[in-house]
Number of protein chains: 2
Amino acid sequence: MGSPATRLPRPATVGRPCSIAATLALVGEKWALLAVREIALGNRRFDAIARNTGAPRDILTTRLRSLEAAGIIERRPYQDRPARFEYHLTPAGQDLKPVLQLLARWGDTWLDADPPVAYTHHDHDLEATLMCRTCGDEVTPHTVQAHVQAPGWTRQGPTDT
Amino acid sequence: MGSPATRLPRPATVGRPCSIAATLALVGEKWALLAVREIALGNRRFDAIARNTGAPRDILTTRLRSLEAAGIIERRPYQDRPARFEYHLTPAGQDLKPVLQLLARWGDTWLDADPPVAYTHHDHDLEATLMCRTCGDEVTPHTVQAHVQAPGWTRQGPTDT
DNA sequence: ACAGTGAGTTGGAAAATCCAACCATTGATG
DNA sequence: CATCAATGGTTGGATTTTCCAACTCACTGT
């Protein structure tokens, strides 16, 4: 992942204080991640994003606005007369690609029928896995322990099964 | 990630055929991933999930039902008289943990203020990164190429920026 | 007898989403 | 010149979801 020059405002969440909830507050609304997917694929224009995601155009407008406000995408004019715009990922938006990658991988793994998109890494099929940079081991549910910082929001019971 | 014994039905999606869209059709509704998060943390009872996510109880009921129908969680009775249940992750649900991990990591990286949950791997801080199992290199936007299988849904332009 | 726990239901208000149609600007076509 | 198509949206109104507070039911503990 990249590293932030400036960090984005953390949105308010309810329930357990959690970066997952905060992240989902920014990109968890309907169509938001699919819009990011299209932009990541290189489809930067409103019409292309609308067509490829299937999102209603008015909803897409509000999503693009809030993703922009959140600092995940940028709206850049590419011509005047008439004014036309395209959307680009910010560094933070780029950093959502691994999330999309993993969502795609989950679907490819667990859902019926052929995966509609194939990925190659360098020149071979991509076999992505989460690794720990410190020790080089694979990250599995068993080897990871969560430590909740906020008092009152304890975990109850073991992590697995 | 785990490997599927039986695969789950792929939900219908609009727009570009895509495993991301299909996955989000199952877990992309409001509160769904947060419910999975709580169950993954070991909080298996309805009240605990409701309290820790902040989800309205009626919505939580419908989410738990559809996650169960999708094959992501299981509802198991742990006593009769009165009938009481707890929720467990199926293997497919377990496999969503890396997705949650990455969402948390994105928030920890890009959002202001201290991350409310810390993770340790074995005995050190977790520094998770996506690696390719085939070649051992890190997976970055530059080194991955998407190949759309479905005709008519081409990618336009380069993957980056 | 009464309060408390656990797992929901219910009714009604509020918000979000969906859809089809519309608008404005400009360049190309007949 | 009238019209068409492309682009990037708006708009109004119907539909669907979500939210909230209160309620239920079946017990258990005091």
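Letters A, B, ... mirror the listed sequences (proteins, then strands); counts begin at 1. Excluded from the calculations below are hydrogen atoms, water molecules and symmetry mates; all remaining heavy atoms, backbone and side chain alike, are included.
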Phosphate contact (C/dT17 OP1 or OP2) by A/Arg63 side-chain N/O below 4.0 Å: yes
Short side-chain N/O contact to C/dC18 OP1/OP2 from A/Trp31, under 4.0 Å: yes
Short side-chain N/O contact to D/dG9 OP1/OP2 from A/Arg65, under 4.0 Å: yes
Pair A/Tyr78, A/Arg45: side-chain N/O donor-acceptor within cut-off below 3.5 Å: yes
Residue A/Pro82, side-chain heavy atoms: nucleotide from D/dC27, C/dT25, C/dT9 that is nearest: C/dT25
Integer-rounded Å distance: D/dC27 P and B/Asp80 CG: 10 Å
Any donor-acceptor N or O pair under 3.5 Å, side chains A/Thr143, B/His122: no
Interatomic distance, A/Asn43 CG vs D/dT7 P [rounded to whole Å]: 12 Å
Interatomic distance where CZ belongs to A/Arg76 and P belongs to D/dT7 [whole Å]: 19 Å
B/Arg75 side-chain N/O to C/dG8 phosphate OP1/OP2 under 4.0 Å: yes
Residue whose closest nucleotide on DNA chain C lies nearer the 5' end, A/Ala83 versus A/Arg57: A/Arg57
Within one Ile-Leu-Val-Met-Phe-Trp-Tyr cluster: A/Met131 and A/Trp106, side-chain cutoff 4.5 Å: no
Separation of atom CZ in B/Phe85 from atom C1' in D/dC27, rounded to whole Å: 14 Å
N or O in side chain of A/Lys30 less than 4.0 angstrom from C/dC18 OP1/OP2: yes
Whole-Å gap separating P (C/dA20) and CD1 (A/Ile59): 14 Å
Protein-nucleotide distance (A/Tyr78, atom OH; C/dT26, atom P), rounded to Å: 14 Å
Ionic contact status for A/Glu138 with B/Arg133, cut-off 4.0 Å: yes
Geometric cation-pi criterion B/Arg75 and B/Phe46, 6.0 Å radius, 45° cone: no
Whole angstrom value for the distance that separates C1' of C/dG8 from CZ of B/Arg44: 20 Å
Selection from C/dA7, D/dT18, D/dT7 that lies nearest to any side-chain heavy atom of B/Phe46: C/dA7
A/Arg84 or A/Asp58, whichever maps to the more 5' nucleotide of DNA chain C: A/Asp58
Phosphate OP1/OP2 of D/dT7 contacted by A/Tyr87 side-chain N/O (<4.0 Å): no
Atom pair distance, as rounded to whole Å: CZ in A/Arg81 and P in C/dG27: 9 Å
